[in-house]
Amino acid sequence: MTHSSVRTQGRVDRESRLNLPEAKTVQEIGREMAGLPWTREKVVGKVRRRLPFTEWVPAYRVKEDLVADLITGLTLIVIHIPTSLAYSNLAGVTPNLGLYTAFYAPIVYIFFGTSKHVAIGEISSVAMMLGSAVYTICPDGTDDEKNQVALSLTFYIGLTQFVLWSLGLGVISILLSPTVTSAFSFGIAVQIATSQLSKVFGVQIPTVLDPGKTVKTWYEIGNHWDTSNLCAFLFAVSGAIALLIGKEINQSKRFKSLSPVPIPSELIIVAVATVVTVLTGWDDRYGMAVVGEIQQGFQTPSVPADISNLQLWVKAMPMALVSYSLTISMGNILAAKHGYGTDGEQELLAVGVVNLFGGFFGAFAAGARSFVQDE
(Lines give C-alpha, C1' and ligand atoms only; values in the text may rest on other atoms or scores of the structure.)
Protein backbone atom coordinates (compact mmCIF):
# COMPACT_ATOMS: atom_id res chain seq x y z
CA MET A 1 0.00 0.00 0.00
CA THR A 2 1.36 3.39 -0.96
CA HIS A 3 1.84 6.30 1.36
CA SER A 4 -0.87 8.39 -0.47
CA SER A 5 -3.47 5.66 -0.08
CA VAL A 6 -2.65 5.36 3.61
CA ARG A 7 -3.12 9.14 4.07
CA THR A 8 -6.46 9.04 2.17
CA GLN A 9 -7.74 6.13 4.21
CA GLY A 10 -6.71 7.91 7.41
CA ARG A 11 -8.58 11.06 6.41
CA VAL A 12 -11.71 9.00 5.62
CA ASP A 13 -11.46 7.27 9.00
CA ARG A 14 -11.15 10.61 10.81
CA GLU A 15 -14.17 12.09 8.90
CA SER A 16 -16.25 9.03 9.69
CA ARG A 17 -15.38 9.29 13.37
CA LEU A 18 -16.34 12.99 13.34
CA ASN A 19 -19.72 12.19 11.63
CA LEU A 20 -19.29 15.01 9.13
CA PRO A 21 -22.46 15.80 7.14
CA GLU A 22 -22.73 15.06 3.48
CA ALA A 23 -21.87 17.86 1.07
CA LYS A 24 -24.83 20.05 0.06
CA THR A 25 -25.54 21.85 -3.14
CA VAL A 26 -25.40 25.62 -3.39
CA GLN A 27 -29.21 25.75 -3.87
CA GLU A 28 -29.81 23.77 -0.67
CA ILE A 29 -27.44 25.98 1.33
CA GLY A 30 -29.15 29.10 -0.04
CA ARG A 31 -32.59 27.82 0.93
CA GLU A 32 -31.48 27.03 4.45
CA MET A 33 -29.87 30.44 4.90
CA ALA A 34 -33.05 32.14 3.66
CA GLY A 35 -35.24 29.92 5.78
CA LEU A 36 -37.05 28.71 2.66
CA PRO A 37 -37.03 24.92 2.58
CA TRP A 38 -39.58 25.03 -0.28
CA THR A 39 -40.26 22.40 -2.84
CA ARG A 40 -41.75 23.13 -6.23
CA GLU A 41 -45.18 22.11 -4.97
CA LYS A 42 -44.95 24.51 -2.05
CA VAL A 43 -43.93 27.38 -4.29
CA VAL A 44 -46.86 26.70 -6.64
CA GLY A 45 -49.19 26.52 -3.65
CA LYS A 46 -47.93 29.86 -2.31
CA VAL A 47 -48.40 31.51 -5.69
CA ARG A 48 -51.91 30.15 -6.07
CA ARG A 49 -52.85 31.33 -2.61
CA ARG A 50 -51.53 34.86 -3.20
CA LEU A 51 -52.93 35.02 -6.75
CA PRO A 52 -56.28 33.20 -6.50
CA PHE A 53 -57.18 33.98 -10.13
CA THR A 54 -54.62 31.33 -11.19
CA GLU A 55 -57.04 28.74 -9.78
CA TRP A 56 -60.45 29.99 -10.88
CA VAL A 57 -59.53 31.21 -14.38
CA PRO A 58 -58.57 27.73 -15.70
CA ALA A 59 -61.72 26.28 -14.10
CA TYR A 60 -64.05 29.02 -15.40
CA ARG A 61 -67.17 27.61 -17.06
CA VAL A 62 -67.63 29.83 -20.09
CA LYS A 63 -70.87 28.33 -21.41
CA GLU A 64 -72.57 28.17 -18.01
CA ASP A 65 -71.42 31.45 -16.41
CA LEU A 66 -70.37 33.96 -19.08
CA VAL A 67 -73.82 35.36 -19.89
CA ALA A 68 -74.78 35.71 -16.21
CA ASP A 69 -71.45 37.39 -15.41
CA LEU A 70 -71.85 39.85 -18.30
CA ILE A 71 -75.30 40.80 -17.03
CA THR A 72 -73.91 41.24 -13.51
CA GLY A 73 -71.06 43.38 -14.82
CA LEU A 74 -73.46 45.57 -16.79
CA THR A 75 -75.65 46.00 -13.73
CA LEU A 76 -72.67 47.00 -11.58
CA ILE A 77 -71.54 49.55 -14.17
CA VAL A 78 -75.00 51.10 -14.21
CA ILE A 79 -75.06 51.34 -10.41
CA HIS A 80 -71.44 52.40 -9.95
CA ILE A 81 -71.63 55.49 -12.18
CA PRO A 82 -74.18 57.50 -10.15
CA THR A 83 -73.03 56.20 -6.77
CA SER A 84 -69.40 57.04 -7.52
CA LEU A 85 -70.46 60.63 -8.16
CA ALA A 86 -72.33 60.70 -4.84
CA TYR A 87 -69.50 59.14 -2.84
CA SER A 88 -67.01 61.56 -4.37
CA ASN A 89 -69.01 64.31 -2.72
CA LEU A 90 -68.87 62.48 0.61
CA ALA A 91 -65.10 62.03 0.26
CA GLY A 92 -64.60 65.72 -0.52
CA VAL A 93 -62.98 65.08 -3.90
CA THR A 94 -63.84 65.81 -7.53
CA PRO A 95 -66.22 63.38 -9.32
CA ASN A 96 -63.58 61.91 -11.63
CA LEU A 97 -61.82 60.29 -8.65
CA GLY A 98 -65.01 58.42 -7.84
CA LEU A 99 -65.23 57.16 -11.42
CA TYR A 100 -61.59 56.03 -11.27
CA THR A 101 -62.35 54.13 -8.07
CA ALA A 102 -65.32 52.40 -9.66
CA PHE A 103 -63.12 51.38 -12.60
CA TYR A 104 -59.81 50.36 -11.02
CA ALA A 105 -60.87 48.75 -7.72
CA PRO A 106 -62.78 45.74 -9.17
CA ILE A 107 -60.09 45.09 -11.79
CA VAL A 108 -57.29 44.93 -9.20
CA TYR A 109 -59.38 42.91 -6.76
CA ILE A 110 -60.07 40.03 -9.16
CA PHE A 111 -56.36 39.15 -9.15
CA PHE A 112 -56.01 38.97 -5.34
CA GLY A 113 -59.48 38.56 -3.79
CA THR A 114 -61.05 35.29 -2.65
CA SER A 115 -64.71 36.33 -2.48
CA LYS A 116 -66.79 35.51 -5.55
CA HIS A 117 -69.71 37.81 -4.79
CA VAL A 118 -68.64 41.08 -3.14
CA ALA A 119 -68.75 44.24 -5.22
CA ILE A 120 -65.56 46.22 -4.67
CA GLY A 121 -65.66 49.99 -4.93
CA GLU A 122 -66.43 53.08 -2.87
CA ILE A 123 -67.71 52.55 0.68
CA SER A 124 -70.02 55.13 2.21
CA SER A 125 -68.51 54.83 5.69
CA VAL A 126 -64.90 55.14 4.52
CA ALA A 127 -65.83 57.93 2.09
CA MET A 128 -67.41 59.81 5.00
CA MET A 129 -64.29 59.36 7.15
CA LEU A 130 -62.07 60.35 4.23
CA GLY A 131 -64.11 63.48 3.57
CA SER A 132 -63.95 64.50 7.22
CA ALA A 133 -60.16 64.10 7.21
CA VAL A 134 -59.78 66.03 3.96
CA TYR A 135 -61.82 68.98 5.24
CA THR A 136 -59.94 68.95 8.54
CA ILE A 137 -56.54 69.05 6.84
CA CYS A 138 -57.32 71.63 4.14
CA PRO A 139 -60.73 73.25 4.72
CA ASP A 140 -59.98 76.11 2.34
CA GLY A 141 -57.88 74.17 -0.17
CA THR A 142 -58.45 73.99 -3.90
CA ASP A 143 -60.00 70.91 -5.53
CA ASP A 144 -56.57 69.69 -6.58
CA GLU A 145 -55.16 70.09 -3.06
CA LYS A 146 -58.08 68.16 -1.58
CA ASN A 147 -57.64 65.45 -4.20
CA GLN A 148 -53.97 65.08 -3.32
CA VAL A 149 -54.75 64.78 0.38
CA ALA A 150 -57.39 62.13 -0.35
CA LEU A 151 -55.01 60.16 -2.58
CA SER A 152 -52.25 60.33 0.04
CA LEU A 153 -54.69 59.05 2.67
CA THR A 154 -55.71 56.26 0.28
CA PHE A 155 -52.06 55.30 -0.17
CA TYR A 156 -51.55 55.12 3.59
CA ILE A 157 -54.76 53.13 4.01
CA GLY A 158 -53.38 50.57 1.57
CA LEU A 159 -49.93 50.68 3.16
CA THR A 160 -51.43 50.05 6.61
CA GLN A 161 -53.39 47.07 5.30
CA PHE A 162 -50.31 45.71 3.53
CA VAL A 163 -48.19 46.02 6.69
CA LEU A 164 -50.87 44.29 8.75
CA TRP A 165 -50.96 41.47 6.20
CA SER A 166 -47.17 41.10 6.19
CA LEU A 167 -47.29 40.77 10.00
CA GLY A 168 -49.99 38.10 9.78
CA LEU A 169 -52.60 40.25 11.52
CA GLY A 170 -55.58 39.36 9.37
CA VAL A 171 -57.29 38.13 12.53
CA ILE A 172 -57.87 41.73 13.63
CA SER A 173 -61.25 41.54 11.91
CA ILE A 174 -62.57 39.57 14.89
CA LEU A 175 -62.12 42.69 17.03
CA LEU A 176 -65.10 44.20 15.26
CA SER A 177 -67.99 41.91 16.14
CA PRO A 178 -71.26 42.00 14.15
CA THR A 179 -72.79 44.11 16.92
CA VAL A 180 -69.99 46.67 16.77
CA THR A 181 -70.07 46.71 12.96
CA SER A 182 -73.85 47.22 12.93
CA ALA A 183 -73.63 50.04 15.46
CA PHE A 184 -70.84 51.69 13.49
CA SER A 185 -72.80 51.35 10.24
CA PHE A 186 -75.87 52.91 11.85
CA GLY A 187 -73.84 55.83 13.12
CA ILE A 188 -72.33 56.36 9.67
CA ALA A 189 -75.81 56.19 8.11
CA VAL A 190 -77.01 58.96 10.45
CA GLN A 191 -73.97 61.09 9.55
CA ILE A 192 -74.47 60.54 5.82
CA ALA A 193 -78.15 61.43 6.03
CA THR A 194 -77.27 64.53 8.03
CA SER A 195 -74.61 65.59 5.53
CA GLN A 196 -77.16 65.35 2.69
CA LEU A 197 -79.98 67.25 4.43
CA SER A 198 -78.61 70.64 3.48
CA LYS A 199 -78.40 69.54 -0.17
CA VAL A 200 -81.92 68.08 -0.14
CA PHE A 201 -83.39 71.36 1.08
CA GLY A 202 -80.91 73.53 -0.77
CA VAL A 203 -79.83 75.20 2.46
CA GLN A 204 -76.47 76.94 2.41
CA ILE A 205 -74.64 76.29 5.69
CA PRO A 206 -70.99 76.65 6.78
CA THR A 207 -68.87 73.52 7.00
CA VAL A 208 -69.00 72.02 10.50
CA LEU A 209 -65.85 70.19 11.70
CA ASP A 210 -66.07 70.48 15.49
CA PRO A 211 -67.09 67.65 17.86
CA GLY A 212 -70.84 67.20 17.86
CA LYS A 213 -70.90 67.72 14.11
CA THR A 214 -74.25 65.98 13.58
CA VAL A 215 -76.23 68.02 16.09
CA LYS A 216 -74.49 71.25 15.06
CA THR A 217 -75.34 70.56 11.41
CA TRP A 218 -79.02 70.22 12.32
CA TYR A 219 -78.77 73.50 14.18
CA GLU A 220 -77.13 75.24 11.23
CA ILE A 221 -79.83 73.96 8.86
CA GLY A 222 -82.52 75.40 11.10
CA ASN A 223 -80.60 78.62 11.55
CA HIS A 224 -80.20 79.10 7.76
CA TRP A 225 -83.61 77.83 6.73
CA ASP A 226 -84.34 81.11 4.97
CA THR A 227 -81.81 80.08 2.26
CA SER A 228 -83.70 76.87 1.40
CA ASN A 229 -84.41 76.11 -2.24
CA LEU A 230 -87.83 74.68 -3.20
CA CYS A 231 -86.64 73.54 -6.62
CA ALA A 232 -83.76 71.52 -5.10
CA PHE A 233 -86.19 69.93 -2.64
CA LEU A 234 -88.60 68.91 -5.42
CA PHE A 235 -85.73 67.41 -7.40
CA ALA A 236 -84.58 65.41 -4.37
CA VAL A 237 -88.07 64.12 -3.55
CA SER A 238 -88.74 63.20 -7.17
CA GLY A 239 -85.46 61.29 -7.33
CA ALA A 240 -86.21 59.42 -4.09
CA ILE A 241 -89.67 58.42 -5.32
CA ALA A 242 -88.23 57.23 -8.64
CA LEU A 243 -85.63 55.11 -6.81
CA LEU A 244 -88.28 53.48 -4.62
CA ILE A 245 -90.50 52.71 -7.61
CA GLY A 246 -87.56 51.27 -9.53
CA LYS A 247 -86.55 49.12 -6.56
CA GLU A 248 -90.06 47.70 -6.16
CA ILE A 249 -90.26 46.88 -9.88
CA ASN A 250 -86.83 45.22 -9.93
CA GLN A 251 -87.68 43.06 -6.91
CA SER A 252 -91.04 41.90 -8.27
CA LYS A 253 -91.15 38.29 -9.41
CA ARG A 254 -93.03 39.20 -12.57
CA PHE A 255 -90.35 41.61 -13.74
CA LYS A 256 -87.55 39.16 -12.89
CA SER A 257 -89.24 36.56 -15.06
CA LEU A 258 -89.39 39.02 -17.99
CA SER A 259 -85.91 40.53 -17.82
CA PRO A 260 -82.61 39.36 -16.28
CA VAL A 261 -81.35 42.96 -16.28
CA PRO A 262 -82.82 45.34 -13.65
CA ILE A 263 -84.04 48.81 -14.49
CA PRO A 264 -81.09 51.20 -14.02
CA SER A 265 -83.04 53.68 -11.91
CA GLU A 266 -79.97 55.50 -10.62
CA LEU A 267 -78.49 56.01 -14.07
CA ILE A 268 -81.83 57.10 -15.53
CA ILE A 269 -82.27 59.72 -12.81
CA VAL A 270 -78.76 61.09 -13.38
CA ALA A 271 -79.30 61.19 -17.15
CA VAL A 272 -82.72 62.87 -16.93
CA ALA A 273 -81.54 65.44 -14.37
CA THR A 274 -78.49 66.23 -16.51
CA VAL A 275 -80.54 66.71 -19.70
CA VAL A 276 -83.19 68.83 -17.95
CA THR A 277 -80.57 71.04 -16.31
CA VAL A 278 -78.67 71.59 -19.56
CA LEU A 279 -81.79 72.35 -21.60
CA THR A 280 -83.55 74.59 -19.07
CA GLY A 281 -80.63 76.15 -17.21
CA TRP A 282 -82.38 75.52 -13.88
CA ASP A 283 -79.08 75.56 -12.03
CA ASP A 284 -78.57 79.24 -12.89
CA ARG A 285 -82.23 80.19 -12.85
CA TYR A 286 -83.04 78.68 -9.47
CA GLY A 287 -79.59 78.59 -7.88
CA MET A 288 -79.27 74.81 -7.66
CA ALA A 289 -75.85 73.27 -7.07
CA VAL A 290 -74.64 70.89 -9.79
CA VAL A 291 -71.63 68.60 -10.15
CA GLY A 292 -70.26 70.64 -13.02
CA GLU A 293 -67.77 69.56 -15.63
CA ILE A 294 -66.12 66.18 -15.10
CA GLN A 295 -62.55 65.63 -16.22
CA GLN A 296 -62.33 63.32 -19.23
CA GLY A 297 -59.89 60.47 -19.72
CA PHE A 298 -57.66 58.72 -17.20
CA GLN A 299 -55.26 60.38 -14.81
CA THR A 300 -51.58 59.82 -15.41
CA PRO A 301 -50.16 57.60 -12.62
CA SER A 302 -48.21 59.70 -10.14
CA VAL A 303 -47.05 59.82 -6.53
CA PRO A 304 -49.53 61.82 -4.38
CA ALA A 305 -48.13 65.24 -3.51
CA ASP A 306 -48.72 64.87 0.26
CA ILE A 307 -47.32 61.36 0.59
CA SER A 308 -44.38 62.66 2.65
CA ASN A 309 -46.75 63.86 5.41
CA LEU A 310 -46.56 60.95 7.85
CA GLN A 311 -49.31 62.52 10.00
CA LEU A 312 -51.72 61.34 7.35
CA TRP A 313 -50.77 57.77 8.21
CA VAL A 314 -52.25 58.23 11.69
CA LYS A 315 -55.53 59.44 10.22
CA ALA A 316 -55.53 56.58 7.70
CA MET A 317 -55.22 53.77 10.26
CA PRO A 318 -58.86 53.68 11.45
CA MET A 319 -60.05 53.91 7.84
CA ALA A 320 -57.84 50.94 6.95
CA LEU A 321 -59.38 48.85 9.73
CA VAL A 322 -62.94 49.82 8.79
CA SER A 323 -62.32 49.15 5.09
CA TYR A 324 -60.91 45.69 5.75
CA SER A 325 -63.42 44.73 8.45
CA LEU A 326 -66.42 45.58 6.29
CA THR A 327 -64.88 43.78 3.33
CA ILE A 328 -64.15 40.53 5.17
CA SER A 329 -67.49 40.64 7.04
CA MET A 330 -69.44 40.99 3.81
CA GLY A 331 -67.28 38.39 2.11
CA ASN A 332 -67.84 35.86 4.91
CA ILE A 333 -71.61 36.40 4.85
CA LEU A 334 -71.80 35.78 1.11
CA ALA A 335 -69.35 32.86 1.25
CA ALA A 336 -71.45 31.12 3.94
CA LYS A 337 -74.57 31.72 1.88
CA HIS A 338 -73.12 30.09 -1.23
CA GLY A 339 -71.10 27.35 0.43
CA TYR A 340 -67.47 28.32 -0.04
CA GLY A 341 -64.76 29.88 2.09
CA THR A 342 -62.74 33.09 2.06
CA ASP A 343 -59.17 33.67 3.21
CA GLY A 344 -59.03 36.48 5.77
CA GLU A 345 -55.33 37.18 5.32
CA GLN A 346 -55.61 37.14 1.55
CA GLU A 347 -58.56 39.56 1.67
CA LEU A 348 -56.41 41.91 3.74
CA LEU A 349 -53.71 41.72 1.07
CA ALA A 350 -56.28 42.21 -1.70
CA VAL A 351 -57.88 45.34 -0.28
CA GLY A 352 -54.42 46.68 0.60
CA VAL A 353 -53.18 46.30 -2.97
CA VAL A 354 -56.40 47.87 -4.28
CA ASN A 355 -55.85 50.98 -2.17
CA LEU A 356 -52.10 51.19 -2.83
CA PHE A 357 -52.83 51.02 -6.53
CA GLY A 358 -55.62 53.59 -6.21
CA GLY A 359 -53.36 56.08 -4.45
CA PHE A 360 -51.11 56.22 -7.52
CA PHE A 361 -53.84 56.05 -10.17
CA GLY A 362 -56.29 58.65 -8.85
CA ALA A 363 -58.80 56.41 -7.02
CA PHE A 364 -59.75 56.95 -3.38
CA ALA A 365 -60.19 54.32 -0.65
CA ALA A 366 -62.25 51.26 -1.58
CA GLY A 367 -63.65 48.06 -0.12
CA ALA A 368 -66.70 45.80 -0.34
CA ARG A 369 -69.54 48.20 -0.95
CA SER A 370 -72.80 46.22 -1.17
CA PHE A 371 -74.60 42.95 -1.80
CA VAL A 372 -75.72 44.06 -5.26
CA GLN A 373 -73.40 41.62 -7.05
CA ASP A 374 -74.96 38.71 -5.16
CA GLU A 375 -78.45 39.93 -5.95
Side-chain angles (χ1 to χ4, degrees), residues 72-110 113 118-134 143-144 146-151 153-155 157-158 188-189 191-193 195-196 199 236 239-240 242-243 246-247 262-275 277 289-299 301 304 319 322-323 326-327 330 351 354-355 357-373 375:
T72 301
L74 177 63
T75 304
L76 289 175
I77 291 173
V78 167
I79 294 176
H80 267 300
I81 292 175
T83 54
S84 63
L85 299 177
Y87 288 151
S88 298
N89 182 267
L90 285 178
V93 297
T94 53
N96 58 305
L97 266 64
L99 295 175
Y100 297 152
T101 306
F103 178 79
Y104 286 124
I107 293 178
V108 177
Y109 180 80
I110 64 174
V118 297
I120 298 296
E122 320 85 7
I123 313 176
S124 57
S125 54
V126 176
M128 191 76 185
M129 297 171 70
L130 191 66
S132 178
V134 168
D143 287 343
D144 184 63
K146 292 178 180 179
N147 286 352
Q148 292 302 316
V149 171
L151 294 178
L153 286 168
T154 299
F155 168 80
I157 289 171
I188 288 294
Q191 288 193 7
I192 292 175
S195 68
Q196 299 305 301
K199 299 177 178 61
L243 286 174
K247 181 179 180 180
I263 297 175
S265 304
E266 298 88 347
L267 190 61
I268 292 174
I269 292 172
V270 172
V272 171
T274 301
V275 172
T277 302
V290 296
V291 172
E293 185 177 352
I294 300 177
Q295 179 181 334
Q296 298 181 0
F298 291 99
Q299 179 173 304
M319 296 183 233
V322 171
S323 170
L326 294 179
T327 299
M330 196 171 294
V351 73
V354 165
N355 288 319
F357 186 91
F360 291 109
F361 282 79
F364 61 82
R369 61 184 304 274
S370 69
F371 291 98
V372 67
Q373 187 159 311
E375 297 173 356

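What's counted below: heavy atoms across the whole structure, side chains too, no hydrogens, waters or symmetry copies. As the structure is a computational prediction, the values presented were derived from the model and not from experiment.
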Next on the checklist: Using the rule given for ring pair (Phe, Tyr, Trp, His ring centres under 6.0 Å), can you reason through Phe298 versus Phe103, listing the C-alpha separation, both sets of side-chain angles and the distance that settles it, and then say yes or no?
Outcome noted: CA-CA 10 Å; Phe298 291 99; Phe103 178 79; 5.1 Å; yes

Item to check | Audit row: Ile123, Met330, side chain to side chain contact (heavy atoms under 4.5 Å, CB included) steps and yes/no | outcome: CA-CA 12 Å; Ile123 313 176; Met330 196 171 294; over 6 Å; no

Next on the checklist: Let's go through Leu130 and Leu90 carefully: what are the C-alpha distance in whole Å and the side-chain angles of both, what is the deciding distance for side chain to side chain contact (heavy atoms under 4.5 Å, CB included) to 0.1 Å, and is it a yes or a no?
Outcome noted: CA-CA 8 Å; Leu130 191 66; Leu90 285 178; over 6 Å; no

Item to check | side chain to side chain contact (heavy atoms under 4.5 Å, CB included) assessment of Leu151 paired with Leu97 | outcome: CA-CA 9 Å; Leu151 294 178; Leu97 266 64; 4.0 Å; yes

Item to check | Pair Lys146-Val93, side chain to side chain contact (heavy atoms under 4.5 Å, CB included): steps then yes or no | outcome: CA-CA 6 Å; Lys146 292 178 180 179; Val93 297; 5.5 Å; no

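In this structure, the side chain of Asn355 engages the main chain of Val351 through a donor-acceptor pair within 3.5 Å. In this structure, the side chain of Ser265 does not engage the main chain of Lys247 through any donor-acceptor pair within 3.5 Å.
Here the shortest heavy-atom pairing between Gly367 and Thr327 reads CA-OG1, 3.5 Å. Between Val134 and Ala91, the closest heavy-atom pair is CG2-O, 3.9 Å. Residues Glu122 and Gly98 approach most closely at OE2-O, 3.2 Å, considering heavy atoms. Closest approach of Ile120 and Ala105 over heavy atoms only: CG2-CB, 3.8 Å. Shown here for Ser84 and Leu99, the closest heavy-atom pair between the two residues is OG-CD2, 3.2 Å. Nearest heavy atom pair, residue Gly297 against residue Tyr100, reads O-OH, 2.8 Å.
Note that OH of Tyr87 is 12.5 Å distant from OG1 of Thr101, once rounded to the nearest 0.5 Å. Interatomic distance, CD of Gln148 versus CG of Leu153, reported as 11.5 Å (0.5 Å rounding). A distance of 13.0 Å separates OG1 of Thr154 from CZ of Phe357, quoted to the nearest 0.5 Å. Atom CE of Met129 is separated from atom OG of Ser124 by 11.5 Å, given to the nearest 0.5 angstrom.
Gln296 is not listed as a side-chain neighbour of Asn96, based on a closest heavy-atom distance of 4.5 Å or more. Residues Ile269 and Leu243 have side chains in contact (heavy-atom distance under 4.5 Å, counting atoms from C-beta outward). Between Val118 and Tyr109 there is a side-chain heavy-atom pair separated by less than 4.5 Å. Under the 4.5 Å side-chain criterion, counting only non-hydrogen atoms from C-beta, Leu326 is in contact with Ser125. Between Gln299 and Phe361 there is no side-chain heavy-atom pair separated by less than 4.5 Å.
At a cut-off of 3.5 Å, with distance as the only test, a side-chain donor of Asn147 or Thr94 sits close to an acceptor on the other residue.
Taking the centre of each ring, Phe155 and Phe360 come in below the 6.0 Å mark.
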